[in-house]
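Reminder, nothing fancy here: chain letters follow the sequence lines and each chain counts from 1.
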Amino acid sequence: MYEHDVIVVGGGGAGLRAAIGAHEAGADVAIVTKLHPVRSHTGAAEGGINAALRDGDDWELHAYDTVKGGDYLTDAPAAETLAQDAPENVVQLENWGMPFSREDDGRMSQRPFGGLSFPRTTYAGAETGHHLLHTLYEQVVKRGITVYDEWYVTRLAVTDEDDPEDRSCHGCVAWDVQTGEIAGFRGRDGVILATGGDGQVFDHTTNAVANTADGVAMAYRAGVPIEDMEFVQFHPTTLPSTGVLISEGTRGEGGILYNSEGERLMFEYGYATNDGELASRDVVSRAELTEINSGRGVDDEYVHLDMRHLGEERIMDRLENILHLAEDFEGVDGLEDPMPVKPGHHYEMGGIETNENGETCIDGLYAIGEAACVSVHGSNRLGGNALPELIVFGGRAGRHAAGADVGEPEIPVGKSGDGIEESDVQYPVDPGSADETSAVVSGDTPDDVIDAAVEAETERIDGLLEKEDGVNHAEVRSKIQKTMTDNVNVFREEDGIREALEVIREAREEYQDVYVADKSRTFNTDLQHTIETRNVIDTAEIIAMGALAREEFRGAHWRKEFQERRDDEWLKHTCVSWNDGNPELWYRPVLLDGENKTYEPKERSY
Amino acid sequence: MSTQTPNTDAESDSPQAERMERKAERDDEARAKAGTDADERQITLKVFRYDPEIPDKQEPRFDTFEVPFEPGITVLDALIYARDTYDSSLTFRHSCRQAVCGSDALFINGSQRLGCQTQVADLDDSETVRVEPLPHRDVVKDLVVDMDHFYDQMESVEPYFSPTEEPDGEQLQSRENREKIKMSTRCIWCGACMSSCNIAAGDNEYLGPAAINKAYRFYFDDREDEQRQQERLEIIEQEHGVWRCQTQFSCTTVCPKDIPLTEHIQELKREAVKQNLKFW
Ligand SMILES: Cc1cc2nc3c(=O)[nH]c(=O)nc-3n(C[C@H](O)[C@H](O)[C@H](O)COP(=O)(O)OP(=O)(O)OC[C@H]3O[C@@H](n4cnc5c(N)ncnc54)[C@H](O)[C@@H]3O)c2cc1C
Ligand code: SF4
Ligand code: FES
């Protein structure tokens with residue numbers, strides 16, 4: 001067993017920042033990550049990181065834009081914490097050497113981004129995430145923080161009380177990808193999940209292959225509610241063949257969207273006459289698909305994003321990376337031709353329910369970054385707001401786990417509390433029921449709990465390896481990806497979502513029969529993908545359950561039958577609890593009271 | 001206008017389905033036009049295999065997989081196809097598919113490249129694609145190599161910003177200075193350069209192009225002070241540092257991020273000479 005004060009699962013931006021925070025607060029902290037930290041998907045972020053740094057801007061404006069952009073499903077304390085802490089954190093990154101783009105006077109550059117009332121997106125070329133990830137990793141190296149890289153965490157070690165709020169997390173179980181060794185990791189003061197997004201639930205995504213929502217699924221099975229997962233962000237400008245992202249910075253700098261008739265669609269078809277191309281991502285994604293579905297798409301598949309008029313100098317200065325991406329992955333020279341783009345899965349607004357300090361309802365278990373839902377993005381994330389989330393909430397969770405005082409949280413977690421409401425939605429199938437595995441184990445001491453979890457995991461993994469034939473994970477996974485893309489995409493309708501739930505149920509049943517063909521303990525990616533696929537199934541199901549239940553149109557969640565945001569009934573967060581294979585959906589009210597004001601829901605108009 | 005009511009598919013039942021149909025028709029037409037040749041074109045993928053644990057695979061060998069050619073297909077796509085279609089034990093690292101994570105540097109038709117960034121059609125020989133693990137590294141399994149030595153070298157140059165005094169608030173940096181270090185900050189730690197370097201192959205202690213480039217990134221960053229600069233120079237000037245480089249340019253040729261590595265190494269050599277002259 002490996003022992004540390006704090007165990008951080010995941011070495012992306014959120015995990016690295018948490019580890020630094022915990023270390024600074026005096027903890028012995030270790031990062032356990034399935035990819036070497038510099039391989040994490042944070043490195044792919046392009047556009048920038050929001051922070052109110054300049055005169056004329058302030059945190060209150062940033063918080064307001066965030067709540068409004070989230071279509072009022074954002075919890076005010078989360079948005080305000082983000083906006084208040086971001087400036088200091090971004091300056092901190094600068095102090096750690098992050099090579100931000102610069103103005104003539106030597107200050108960090110900022111650019112306009114969709115849905116922002118001030119150009120507060122601080123950036124480093126069109127490769128902000130790469131620089132952020134490497135800068136943070138450098139600081140981890142500087143501090144000598146232990147990193148177990150290429151260790152795959154498969155399960156949490158959580159005590160077996162009936163009520164999740166009485167449970168404690170003592171550590172996790174991981175296996176060394178290079179050698180196959182299975183081991184327990186004890187986090188004396190806490191375990192922080194920072195496992196990133198869920199792109200692999202869909203088949204056209206900007207996300208990495210490693211983004212399989214492992215943390216969400218592990219926390220779910222340990223009893224933590226998973227919040228607002230139906231809010232999946234589809235980014236309007238991804239390359240059609242691969243899903244590679246063309247940064248919103250391209251539109252921020254003045255890039256224009258055209259349909260096949262050469263019309264500037266955002267204006268000419270009235271999707272967002274005030275903000276045009278810079279309307280929020282959900283708005284632009286729907287506009288593009290509506291054009292394409294109405295026969296005004298290029299090759300019936302995509303629209304054009306044109307940046308030629310910006311001129312070579314400006315493009316090279318601010319968007320050079322975009323030229324490389326368009327060239328390498330689509331064979332298009334962005335200086336000579338418009339780039340083909342279409343909407344693709346990009347970001348999960350929902351995730352593991354947490355408060356502002358990253359705490360979940362299970363004692364000792366934290367979650368941060370894209371895996372978490374502190375409810376800062378509501379139903380639609382503004383571009384440039386995920387990176388500050390990583391560093392703000394990552395840092396807070398790290399410090400809190402290490403015992404530092406980071407203030408009392410205002411956001412409640414767990415199922416007890418005021419205003420909890422049960423859902424009476426009828427599903428076409430019993431979600432979860434084909435699989436009643438529980439992720440909790442009994443034991444008297446923390447070590448016993450971890451040993452029991454290691455034993456259970458060893459049994460599961462041995463079972464997968466011993467089985468001689470059955471279903472291959474790739475079949476199951478592609479089934480999920482297909483049904484989610486067909487039915488729970490940008491446009492959603494009831495029948496489709498019902499169908500998706502049925503297909504997910506079938507996939508869950510098939511998965512009971514899954515086996516691993518590769519029998520080697522050495523670097524067994526077949527085994528890894530098989531375990532990931534289970535997580536993809538759970539996550540897809542939570543998304544579809546929430547999408548069926550939410551009978552309104554809010555942010556990224558569009559429903560054919562419900563073309564209105566319905567604040568009277570739906571100003572509430574969707575939560576799904578696993579309950580040992582009997583998933584249950586319930587609601588918690590949105591918190592709109594901020595420090596100095598209440599955020600009154602207004603219509604989002606552009 | 002309000003965004004709550006986009007003029008979407010209210011009338012027609014499923015424009016999405018219609019569109020998919022139109023697209024399928026067009027694809028058929030394109031295929032018909034291109035003739036059957038294009039339809040049947042295959043890539044012969046020859047992949048290095050080795051697993052220390054499985055008796056059948058302890059002896060390194062090449063396996064051949066036939067993969068259908070499609071416009072735009074990358075070497076990584078071909079590997080994934082082979083793995084998911086024929087042999088799920090085929091092992092390689094990959095994640096981002098967009099040349100930022102640095103995990104799929106491979107030896108493809110005789111040179112170091114990222115699988116995801118390499119279109120099969122762009123290879124000199126696009127019919128037979130030979131994929132091997134990065135040379136001069138220990139092979140863990142199939143195409144996966146041990147990267148520890150690479151990471152150790154990277155970490156030995158103190159690859160982190162560390163001014164002597166903590167700055168107070170935002171530091172200024174000129175555009176020129178950022179421009180100066182820009183290329184050096186693009187490294188994704190893929191290890192292609194190190195694997196292509198003859199000197200590194202013969203001298204295990206040589207820092208290698210990536211680590212020296214990392215040192216360059218900090219040495220020329222004006223936000224660190226002169227004292228740190230001197231300390232950094234001492235690291236790169238050591239016995240197995242910059243002076244080992246024989247300007248063969250192989251690192252520069254293979255770097256998927258177009259970092260002018262050899263030039264950076266040369267520049268640091270000049271700095272070392274200049275600084276030393278000062279002391280004499
Ligand atoms: C293409 C792209 C562009 C983007 N651009 C922007 C932008 O400009 N601005 C912005 O604000 N946001 C942007 N985003 C969003 C933002 O980058 C992500 O939300 C954020 O980087 C996620 O960081 P993370 O640390 O939560 O996860 P990741 O960086 O994905 O890290 C997850 C980590 O968890 C580890 N892990 C996962 N599962 C396990 C497991 N089972 N065991 C052990 N380790 C595990 C992985 O190895 C990895 O280290 C972008 C996203 C994408 C995809
Ligand atoms: S310098 Fe270039 S080739 Fe070398 S590790 Fe970095 S990105 Fe790869
Ligand atoms: S898969 Fe990330 S660099 Fe190729």
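- When heavy atoms are compared at a cutoff of 4.5 Å, Leu90(B) approaches chain A solely by way of its backbone atoms N, CA, C and O.
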Q: List the steps, then state whether salt bridge (Lys or Arg N to Asp or Glu O under 4.0 Å) holds for Asp518(A) with Lys57(B).
A: CA-CA 12 Å; Asp518(A) 187 355; Lys57(B) 286 176 63 190; 5.6 Å; no
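- Heavy atoms of Arg223(B) lying under 4.5 Å from chain A belong exclusively to its side chain.
- Residue contact with chain B, scored on non-hydrogen atoms closer than 4.5 Å, involves the side chain of Tyr137(A) exclusively.
- In this structure, chain A has a heavy atom under 4.5 Å from the side chain of Val144(B), while its backbone stays farther away.
- When heavy atoms are compared at a cutoff of 4.5 Å, Asp486(A) does not approach chain B at all.
- Per-residue heavy-atom pair counts under 4.5 Å with chain B were compared for Ser101(A), Gly129(A), Ala124(A), and the maximum is reached by Ser101(A).
- Interface remark: Val38(A) contributes backbone and side-chain atoms alike to the contact with chain B (heavy atom separation under 4.5 Å).
- Among Gly43(A), Ala210(A), Ala517(A), Pro99(A), the residue with the largest count of heavy-atom pairs under 4.5 Å with chain B is Pro99(A).
- Between the Gln98(B) side chain and the Val244(A) main chain, no donor and acceptor come within less than 3.5 Å of each other.
- With a threshold of 4.5 angstrom between heavy atoms, Asn211(A) does not approach chain B through any atom at all.
- Contacts of His473(A) with chain B are absent, with no heavy-atom separation under 4.5 Å from either backbone or side chain.
- Among the candidates His131(A), Glu88(A), Gln92(A), the residue making the largest number of heavy-atom pairs closer than 4.5 Å to chain B is His131(A).
- Both the backbone and the side chain of Gln171(B) come within less than 4.5 Å of a heavy atom in chain A.
- Looking at Arg217(B), only its side chain comes within 4.5 Å of chain A, counting heavy atoms on both sides.
- When heavy atoms are compared at a cutoff of 4.5 Å, Glu320(A) approaches chain B solely by way of its side chain, counted from C-beta outward.
- Atoms CD and CZ, on Glu138(A) and Phe218(B) in that order, are 3.5 Å from each other to the nearest 0.5 Å.
- Within the 4.5 angstrom heavy-atom criterion, no atom of Thr74(B) approaches chain A.
- Using a 4.5 Å cut-off between heavy atoms, Met147(B) contacts chain A through its side chain alone, with no backbone atom that close.
- Within the 4.5 angstrom heavy-atom criterion, only backbone atoms of Met98(A) (N, CA, C, O) approach chain B.
- A salt bridge is absent between Lys182(B) and Glu127(A); no separation between the charged side-chain nitrogens and carboxylate oxygens falls under 4.0 Å.
- For Glu552(A), no part sits under 4.5 Å from any heavy atom of chain B, backbone or side chain.
- If you measure heavy-atom distances from Pro71(B) to chain A, you find no contacts under 4.5 Å at all.
- Closest of all the heavy-atom pairs between His529(A) and Arg83(B) is NE2-NH1, 3.6 Å.
- Interatomic distance, Arg93(B) CZ to Glu150(A) CD, rounded to the nearest 0.5 Å: 4.0 Å.
- The part of Ala474(A) that comes within reach of chain B is its side chain, from C-beta onward, which places non-hydrogen atoms under 4.5 angstrom from that chain.
- Proximity to chain B is limited to the backbone of Thr206(A), based on heavy atoms less than 4.5 angstrom apart.
- Minimum interatomic distance between Lys142(A) and Ser162(B) (heavy atoms only, all atoms of both residues): NZ-CB, 3.5 Å.
- Of the two parts of Ser241(A), neither the backbone nor the side chain holds a non-hydrogen atom closer than 4.5 Å to a non-hydrogen atom of chain B.
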